[in-house]
K.L.:
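To start, I am sharing the structure in question, which I have written as structure tokens.
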Amino acid sequence: MRASDFVRQERLWDRLMAMAELGATEKGGVNRQALTLEDGRARRLLADWATARGFRVYQDAIGNLFVRRPGRDDGLPPVTTGSHLDTQPTGGRFDGVYGVLAGFEVLEALEDGGIATTHPVEVVAWTNEEGARFAPTAMGSGVYVGKLPLGSALDTVDVDGVTVADALAAVTAMTPDAEERPLGSPVAAYIEAHIEQGPVLVTAGETIGAVTSIQSQNCYQIEIHGEEAHAGTTPRANRSDAVLAAVEAIAKLEQAALDDADAMRFTVGRFIAEPGSPNTVPSHVSFTIDLRHPDNAEINRMAREIEETIPECAEKRRCRAEVTCTSAVPVTPFAEELVDKVDRVRRDLGLPGRKMPSGAGHDAMYIAPMAPSGMIFVPCVDGISHNEAEDALPEDVAAGACVLADCLADLAKG
Ligand code: GLV
Ligand code: MN
Ligand code: MN
């Protein structure tokens, strides 16, 4: 019998729907941002399911939460899977949580099948993958592997001035039964399951993507400082209008990002103007840039444009700019043997699919330099994600869990 024979679609789907209630929105999506009470409840629920099944639970200094099924040789590094439980503010029911629960379904399938593995198998819920409340994205996995310093992650504040340290203390207090685990403990191999978040699989009528790479991503926090002035009396020459400086810079950067192949992704997802009074010239703008491209050289070209264009546009309007790159992750190629394994297992299971790159970022990008890593994509309805309408089919999420089960069982057999 294969591990996938013990994957139960209904159990996985019921767990997904139970998690979707934590932070459920009126439009059918989920708002469960990192280190909120809802995130804490999701972590608590996962820990409850784990202990009910006899698995031990661990958490580290950044709150990454691990569920472990021991191996025959329990001193060996684990074969690990997982993803994240936090969502976008207008997120869906599958982005992130699917990878955690598909992994948990595999642990249960191994238990049900009485399948012993040589390596332990672990499921991890990485802290704050979305970066929506606290920048940057993939904070938990970045800190785990030492790419992001723990201290600066803990000092990060949200728009209300709450620190990661304070929010984390409140959330980890909800899982006091989780044993302490050091950051960066070795991993034998890592495979993350996720919805594709794009249209490729669904358009082709295919079920499984064996992910070959993740494109590069740079994230920026920009501050433009001008000066408040009366909207009715202040002539042009006397204004230091932070909004006009920001808008001009953004329009120029959008032009610089235009390419024939439509490969560059340039997004200003947050734009806050202050003091936010209709009849005062705005003195401060704070905005973000999310930049992605499959080619590191192109990201570096745009990075230079950002560093030059924003201060230029600020100066022109007698403003001052601060440009901070909060994270820069080059293209992540996945281990060829794992890409091949995912693709072979999906063929063995008779599932249509392909090898494909990822447009979205994932925690796997930080784990890949540390351990052989790969990813499994399943389709999402109409390719929609980061949207409350995000949806997926029960048979597709179960198919992804089956591929994950056979891959992990094979990697952990020793
Ligand atoms: C992950 O949510 C990403 O922004 O790619
Ligand atoms: Mn995700
Ligand atoms: Mn996401």
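Both ligands and their constituent atoms are indexed starting at 1 by order of listing.
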K.L.:
Measure the acute angle between the ring planes of Trp13 and Phe94, then classify it against the limits of 30° and 60° as parallel, tilted or perpendicular.
P.N.:
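It falls in the tilted class, 30° to 60°.
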K.L.:
Any side-chain donor-acceptor pair under 3.5 Å between Tyr220 and Asn218?
P.N.:
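Their side chains do contain a donor-acceptor pair, which is all the 3.5 Å distance test asks for.
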K.L.:
So, Gln88 versus Asp95: side-chain donor-acceptor pair below 3.5 Å or not?
P.N.:
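No donor-acceptor contact under 3.5 Å links the two side chains.
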K.L.:
Please check if the side chain of Gln59 supplies one atom and the backbone of Thr175 the other of a donor-acceptor pair under 3.5 Å.
P.N.:
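Yes; at least one donor-acceptor contact below 3.5 Å.
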K.L.:
Run the salt-bridge test on Arg15 and Glu108 with the 4.0 Å N-O cut-off and return the result as yes or no.
P.N.:
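Yes, charged N to carboxylate O under 4.0 Å.
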K.L.:
Just to be sure I understand the cut-off, which residues have at least one non-hydrogen atom under 4.0 angstrom from an atom of ligand 1?
P.N.:
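Correct list: Glu129, Glu130, Arg292, Ala360, Gly361, His386.
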K.L.:
For Asp290, check side-chain hydrogen bond (donor to acceptor under 3.5 Å, both in side chains) against everything at least two apart and list the hits.
P.N.:
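Listed in chain order: Gln217, Arg292.
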K.L.:
Listing by chain and number, what protein N/O/S atoms are under 2.8 Å from the Mn ion (ligand 3)?
P.N.:
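Per the 2.8 Å query on the Mn ion (ligand 3), atoms found are Asp95 OD2, Glu130 OE1, Glu130 OE2, His386 NE2.
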K.L.:
Can you tell me the N, O or S atom of His194 that's nearest the Mn ion (ligand 2)?
P.N.:
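Checking each N, O and S atom of His194, the shortest distance to the Mn ion (ligand 2) belongs to NE2.
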K.L.:
Please identify which of these residues, Glu192, His362, Glu129, meets the side chain to side chain donor-acceptor pair (under 3.5 Å) condition with Ser83.
P.N.:
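Of Glu192, His362, Glu129, side chain to side chain donor-acceptor pair (under 3.5 Å) with Ser83 is met by Glu192 alone.
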K.L.:
Does a side chain donor of either Gln215 or His293 reach within less than 3.5 Å of an acceptor in the other side chain?
P.N.:
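Per modelled atom types, Gln215 and His293 side chains form no pair under 3.5 Å.
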K.L.:
Check whether any side-chain N or O of Arg43 sits under 3.5 Å from a backbone N or O of Gly63 as a donor-acceptor pair, and report yes or no.
P.N.:
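Side chain of Arg43 to backbone of Gly63: a pair is present.
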K.L.:
Between side-chain atoms of residues 138-145 and protein atoms elsewhere (two or more places apart, or another chain), which donor-acceptor pairs fall under 3.5 Å?
P.N.:
{"unit_1": "Ser141", "atom_1": "OG", "unit_2": "Ala138", "atom_2": "O", "d": "3.4"}
{"unit_1": "Ser141", "atom_1": "OG", "unit_2": "Asp363", "atom_2": "OD1", "d": "2.6"}
{"unit_1": "Tyr144", "atom_1": "OH", "unit_2": "Ser185", "atom_2": "N", "d": "3.2"}
{"unit_1": "Tyr144", "atom_1": "OH", "unit_2": "Ser185", "atom_2": "O", "d": "2.6"}
{"unit_1": "Tyr144", "atom_1": "OH", "unit_2": "Ser185", "atom_2": "OG", "d": "3.1"}

